[in-house]
2 protein chains.
Amino acid sequence: MRKSVSGVLATLEHVGGFASAQELYQLMHRDGAKIGLTTVYRSLQTLVEGNLVDILRREDGEAIYRLCGENHHHHLVCKSCGKTVEIEGGAIEKWAKTIASENGFRDVGHTAELFGTCANC
Amino acid sequence: MRKSVSGVLATLEHVGGFASAQELYQLMHRDGAKIGLTTVYRSLQTLVEGNLVDILRREDGEAIYRLCGENHHHHLVCKSCGKTVEIEGGAIEKWAKTIASENGFRDVGHTAELFGTCANC
DNA sequence: GTGAAAATGACAATCATTTTCATTTCTGTT
DNA sequence: AACAGAAATGAAAATGATTGTCATTTTCAC
Ligand SMILES: [Zn+2]
Ligand SMILES: [Zn+2]
Ligand SMILES: [Zn+2]
Ligand SMILES: [Zn+2]
């Protein structure tokens with residue numbers, strides 16, 4: 001694996017959760033890495049193509065990345081105050097698998113997010 | 001309701017499924033409507049705030065809109081050839097409601113999409 | 001009719017992402 | 001080592017959706 005790619009991968013491991021390309025770029029620079037923003041984008045693309053990293057979207061459309069195989073969960077987000085609860089998605093995982101096999105699909109991933117108004121709002 | 005807002009709403013009804021702001025703007029112009037792109041965005045924002053319209057994201061991050069309460073379904077998309085299957089999401093609807101009430105959330109909506117490789121690819 | 005307030009739209013600004021392209025680094029060959 | 005060609009890099013420009021600005025128009029209550 002290219003040095004730039006493994007550097008981005010290491011940074012993603014270090015943050016633990018989600019991070020955008022811009023955030024990763026800033027983090028790497030704060031740690032003294034000499035990598036360009038373009039290369040961060042290219043490395044992320046490589047990692048996504050190699051199924052090492054998942055890509056999802058923030059609510060504003062910005063792409064965020066996370067390691068595959070990590071503690072997989074979903075989110076329940078309050079539209080008003082932003083409060084976020086991490087959700088175990090067992091039921092959804094099962095559903096995704098069922099639907100996939102019913103339709104002859106392989107290597108099926110999924111996104112699922114819940115959003116509403118929390119008790120305080 | 002403002003004229004511009006109901007115009008956007010009508011266009012969204014007419015297309016039936018998902019549409020981006022830019023697409024709606026073009027459609028409305030093709031039909032002779034004199035509405036600015038800015039107002040299309042503002043009307044969509046109003047509709048989303050009024051819970052008349054849902055907002056999701058295309059894979060490239062572009063925002064797409066659809067009427068709430070319409071024949072609600074999810075998608076199973078082939079990453080390779082783009083083949084798309086519409087999915088009845090009964091199990092997900094139930095899951096969303098359960099999670100929401102367990103966490104004291106109200107007015108909970110959700111997004112859920114499946115993506116993989118179809119039998120032909 | 002008057003004037004305040006809301007709505008509109010042209011245009012500019014913003015911001016993530018992609019493209020371009022010149023330069024640097026790598027890799028194998030003589 | 002010297003060389004050539006390929007791959008990788010990054011700075012800067014281009015792109016494209018979305019948002020902000022602000023002068024003008026429309027609406028509405030009095
Ligand atoms: Zn809240
Ligand atoms: Zn899941
Ligand atoms: Zn396919
Ligand atoms: Zn659903």
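Here is the naming used below: chain letters follow the sequence lines, and residue numbers restart at 1 for every chain. None of these values were measured; they are calculated from a predicted model.
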Is [X] near enough to [N] that one of its side-chain N or O atoms lies under 4.0 angstrom from OP1 or OP2?
X	N	answer
Y41(B)	dT18(D)	yes
T39(A)	dG10(D)	yes
S4(B)	dA7(C)	no
T38(B)	dT8(C)	no

Nearest-angstrom distance from the residue atom [atom1] of [X] to [atom2] of [N]:
X	N	atom1	atom2	result
I55(B)	dT19(D)	CD1	C1'	13 Å
L37(B)	dG20(D)	CG	C1'	13 Å
E59(A)	dA17(D)	CD	P	20 Å
Q26(A)	dT17(C)	CD	C1'	15 Å
M1(A)	dA8(D)	CE	C1'	16 Å
R58(B)	dA17(D)	CZ	P	10 Å
K3(B)	dA6(C)	NZ	P	19 Å
M28(B)	dT8(C)	CE	P	11 Å

Spacing of S6(B) atom OG and E13(B) atom CD [to the nearest 0.5 Å]: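 If I round to the nearest 0.5 Å, the distance is 10.0 Å.
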Interatomic distance, E23(B) atom CD to T11(B) atom OG1 [nearest 0.5 angstrom]: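 The distance works out to 12.0 Å.
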Nearest-nucleotide 5' precedence on DNA chain D, R57(B) against R42(A):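 Of the two residues, R42(A) wins.
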Position toward the 5' end of DNA chain D (nearest nucleotide), I35(A) or Q45(B):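 Nearer the 5' end of the strand: I35(A).
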I55(A) backbone acceptor or donor facing R66(A) side chain under 3.5 Å: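 A pair under 3.5 Å: no.
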Touch class at under 4.0 angstrom, heavy-atom based, for E62(B) against every strand present: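 Sugar-phosphate: the residue E62(B), judged by heavy atoms under 4.0 Å, touches backbone atoms but no base.
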Sugar-phosphate, base or nothing in reach of K34(A), heavy atoms under 4.0 Å: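 Since only primed, P, OP1 and OP2 atoms lie under 4.0 Å of K34(A), the category is sugar-phosphate.
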Nucleotide nearest R2(B) (side chain, heavy atoms from C-beta), chosen from dT8(C), dT18(D), dA10(C):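 Output: dT8(C).
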Minimum heavy-atom distance L56(B)-F18(B), with the two atoms named: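 Shortest heavy-atom contact: CD1-CE2, 3.6 Å.
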Under 3.5 Å side-chain donor-acceptor pair for R42(A) and S4(A):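 The answer is no; no qualifying pair exists.
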